[in-house]
Amino acid sequence: MKENTYLEKMVMTASPAKLVQMLYEKAIEVLKEAEKLLEEKKFVEFSEKVTRAQDIITELNLSLNMEKGGTIAQNLRALYNYMFQRLVEGNVKKDLEKIREVEGMLSELLEVWKEAMKKAGNVTSSEKKQGGLNLMG
């Protein structure tokens, strides 16, 4: 119970950029768990974990600002759609390689996102007041 309260507080106080990082981390975590479950032939639990990762990718996809995000948002949308489809296929076919492929893509995105957050942390206080990450500049 205490851990859930802590997690809830983290989510409630996190910036939008931090929430994206947390979603990437959670998706990677559940896919690692799914891999283990598939190896143990626990198919129902495996499917639940993959579905959870699909839900996270859907959330990431829906959070994209297509008007302001330009090419980056378009590319991320295409990537999220691809990952979602690979997870569907991996879930149906119990294909570990497809699950690992998406996990790897998410890990790369997480690293790029962390780097972008670091760079955004160096903006001036007036830029911070405007809110959000400026991934265009």
Side-chain angles (χ1 to χ4, degrees):
M1 185 75 175
K2 204 169 201 170
E3 187 177 322
N4 283 344
T5 306
Y6 174 73
L7 180 59
E8 190 174 307
K9 181 147 177 83
M10 274 182 52
V11 169
M12 297 302 285
T13 59
S15 68
K18 182 65 175 174
L19 285 173
V20 169
Q21 178 183 336
M22 292 168 72
L23 287 170
Y24 283 146
E25 289 169 345
K26 186 63 177 178
I28 292 164
E29 177 187 319
V30 296
L31 288 177
K32 286 181 186 211
E33 291 170 4
E35 291 168 18
K36 207 175 289 184
L37 290 164
L38 184 58
E39 289 168 356
E40 296 169 2
K41 302 202 182 314
K42 295 181 178 175
F43 300 120
V44 172
E45 295 91 338
F46 163 79
S47 183
E48 289 169 354
K49 294 292 181 183
V50 174
T51 300
R52 178 72 180 112
Q54 288 171 277
D55 291 344
I56 293 169
I57 288 171
T58 298
E59 186 62 36
L60 287 163
N61 204 344
L62 292 173
S63 73
L64 291 172
N65 185 332
M66 299 308 288
E67 288 178 27
K68 290 184 181 178
T71 306
I72 292 173
Q74 291 170 4
N75 290 342
L76 280 171
R77 170 134 309 151
L79 193 57
Y80 291 152
N81 288 339
Y82 175 80
M83 287 191 285
F84 186 91
Q85 188 58 42
R86 296 300 277 179
L87 289 178
V88 169
E89 293 168 10
N91 199 355
V92 170
K93 297 177 181 174
K94 309 294 182 252
D95 186 335
L96 205 50
E97 287 310 305
K98 288 181 172 79
I99 303 303
R100 286 185 176 142
E101 175 189 7
V102 173
E103 182 194 328
M105 294 169 84
L106 286 166
S107 294
E108 287 181 37
L109 281 172
L110 174 60
E111 292 311 308
V112 169
W113 190 257
K114 285 179 178 177
E115 196 57 40
M117 283 180 29
K118 275 186 207 167
K119 288 181 181 170
N122 294 329
V123 297
T124 65
S125 57
S126 63
E127 289 173 311
K128 284 183 184 177
K129 288 178 188 167
Q130 293 172 9
L133 281 177
N134 179 5
L135 297 178
M136 301 302 156

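A continuous path of ILVMFWY side-chain contacts below 4.5 Å connects L79 to I72, so both sit in one hydrophobic cluster. Taken together through direct or relayed side-chain contacts under 4.5 Å among Ile, Leu, Val, Met, Phe, Trp and Tyr, L37 and F43 form part of one hydrophobic cluster. Linking ILVMFWY residues whenever their side-chain heavy atoms come closer than 4.5 Å, directly or via other members, leaves Y82 and L62 in distinct clusters. Residue L76 is not grouped with residue V112 when hydrophobic side chains (ILVMFWY) are merged at heavy-atom distances under 4.5 angstrom, including chains of intermediate members. Cluster membership check: V44 does not share its hydrophobic cluster with V88, using side-chain heavy-atom separations under 4.5 Å among Ile, Leu, Val, Met, Phe, Trp and Tyr.
Qualifying salt bridge (Lys or Arg N to Asp or Glu O under 4.0 Å) partners for D55, counting only residues two or more places apart in sequence or in other chains: none. Looking at residues two or more places apart in sequence or on another chain, you find no salt bridge (Lys or Arg N to Asp or Glu O under 4.0 Å) involving R77. Residues meeting the side chain to side chain donor-acceptor pair (under 3.5 Å) test with N81, sequence neighbours left out: N61. Residues passing the salt bridge (Lys or Arg N to Asp or Glu O under 4.0 Å) test with K42, sequence neighbours excluded: E40. Listed by chain and residue number, T71 satisfy the side-chain contact (heavy atoms from CB on, under 4.5 Å) test with N75 (two or more places apart in sequence, or in another chain). Take L23 and apply the side-chain contact (heavy atoms from CB on, under 4.5 Å) test, not counting sequence neighbours, and it matches I56, E59, L60. For the side chain to side chain donor-acceptor pair (under 3.5 Å) test, no residue two or more places apart in sequence or in another chain qualifies with Q74. Shown here are the side chain to side chain donor-acceptor pair (under 3.5 Å) partners of E67, two or more places apart in sequence or in another chain: there are none. For E35, the side-chain contact (heavy atoms from CB on, under 4.5 Å) criterion is met by L96, I99, R100, E103, not counting sequence neighbours. Qualifying salt bridge (Lys or Arg N to Asp or Glu O under 4.0 Å) partners for E89, counting only residues two or more places apart in sequence or in other chains: R86. Annotation: side chain to side chain donor-acceptor pair (under 3.5 Å) contacts of E25 (sequence neighbours excluded): Q21.
Considering every non-hydrogen atom in both G90 and K98, the closest pair reads N-CD, 3.8 Å. Looking at every heavy atom in both residues, L87 comes nearest to A53 through CD1-CB, 3.9 Å. Here the closest non-hydrogen pair linking A17 and M117 is O-SD, 3.4 Å.
Taking 4.5 Å as the limit, every side-chain heavy atom of F84 sits out of range of all side-chain heavy atoms of V102.
Classification of the Y80-Y24 ring pair by plane angle, with boundaries at 30° and 60°, yields tilted.
Atom NZ of residue K49 and atom CD of residue E33 lie 4.0 Å apart, to the nearest 0.5 angstrom. How far NZ of K26 is from CZ of R52: 6.5 Å, rounded to the nearest 0.5 Å. Here the CD1 atom belonging to I28 is positioned 8.0 Å from the CG atom belonging to L31, to the nearest 0.5 angstrom.
In this structure, K94 places its NZ atom where more than 12 heavy-atom neighbours from other residues, nucleotides or ligands lie under 6.0 Å away.
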